[in-house]
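Reckoned from all heavy atoms, side chains included, excluding hydrogens, waters and symmetry mates. None of these values were measured; they are calculated from a predicted model.
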Amino acid sequence: MSATDPREEFYSNIDDYWAQLWTLNIGAKQPSKRIKDKFIVFVEGRCREVGDWSLRGDTLATLFSDFQDDLGDW
């Protein structure tokens with residue numbers, strides 16, 4: 001049994017969250033890939049700030065809310 005690549009797991013968690021958010025929770029078409037890429041960069045930045053790359057519990061939901069607030073500052 002091979003160990004899971006933490007980086008791969010990190011991005012997989014974001015991909016899963018993104019798909020579930022738009023499909024199951026919001027029930028709308030996903031925005032462009034550019035928006036998803038910006039979200040990933042946002043999450044990476046926040047993880048880097050705190051030195052923790054694990055995405056536990058509702059971390060991504062909280063970060064998505066923060067991301068929306070950040071978009072409002074543009």
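Shown here are the salt bridge (charged side-chain N to carboxylate O under 4.0 Å, His left out) partners of R7, two or more places apart in sequence or in another chain: there are none. Checked against side chain to side chain contact (heavy atoms under 4.5 Å, CB included), A61 has the following partners two or more places apart in sequence or in another chain: Y17, D58. The side chain to side chain contact (heavy atoms under 4.5 Å, CB included) check on L24 picks up Q20, with sequence neighbours excluded. Listed by chain and number, the residues in a salt bridge (charged side-chain N to carboxylate O under 4.0 Å, His left out) with D52 are R56 (sequence neighbours excluded). Scanning for side-chain hydrogen bond (donor to acceptor under 3.5 Å, both in side chains) contacts around T59 gives an empty result, with sequence neighbours left out.
Heavy atoms from other residues, nucleotides or ligands lying under 6.0 Å from CD of Q68 number more than 12.
Taking CG of N25 as the start and CZ of F64 as the end, the distance is 10.0 Å to the nearest 0.5 Å. In this structure, the separation between CD1 on I14 and CD on E9 is 11.5 Å, given to the nearest 0.5 Å.
Following chains of ILVMFWY side-chain contacts shorter than 4.5 Å, one cannot reach F10 starting from V50, and the two form parts of different hydrophobic clusters.
Closest non-hydrogen pair, Q30 versus W22, comes out as CG-CB, 3.5 Å.
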Give every donor-acceptor pair under 3.5 Å between a side-chain atom in residues 35-48 and any protein atom, sequence neighbours left out.
| residue | atom | partner | partner atom | Å |
| --- | --- | --- | --- | --- |
| K36 | NZ | D15 | OD1 | 2.5 |
| D37 | OD1 | K33 | NZ | 2.9 |
| D37 | OD2 | K33 | NZ | 3.1 |
| E44 | OE2 | Y11 | OH | 2.2 |
| R46 | NH1 | D66 | OD2 | 3.1 |

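The backbone N or O of E8 sits nowhere less than 3.5 Å from a side-chain atom of S12 that would complete a donor-acceptor pair.
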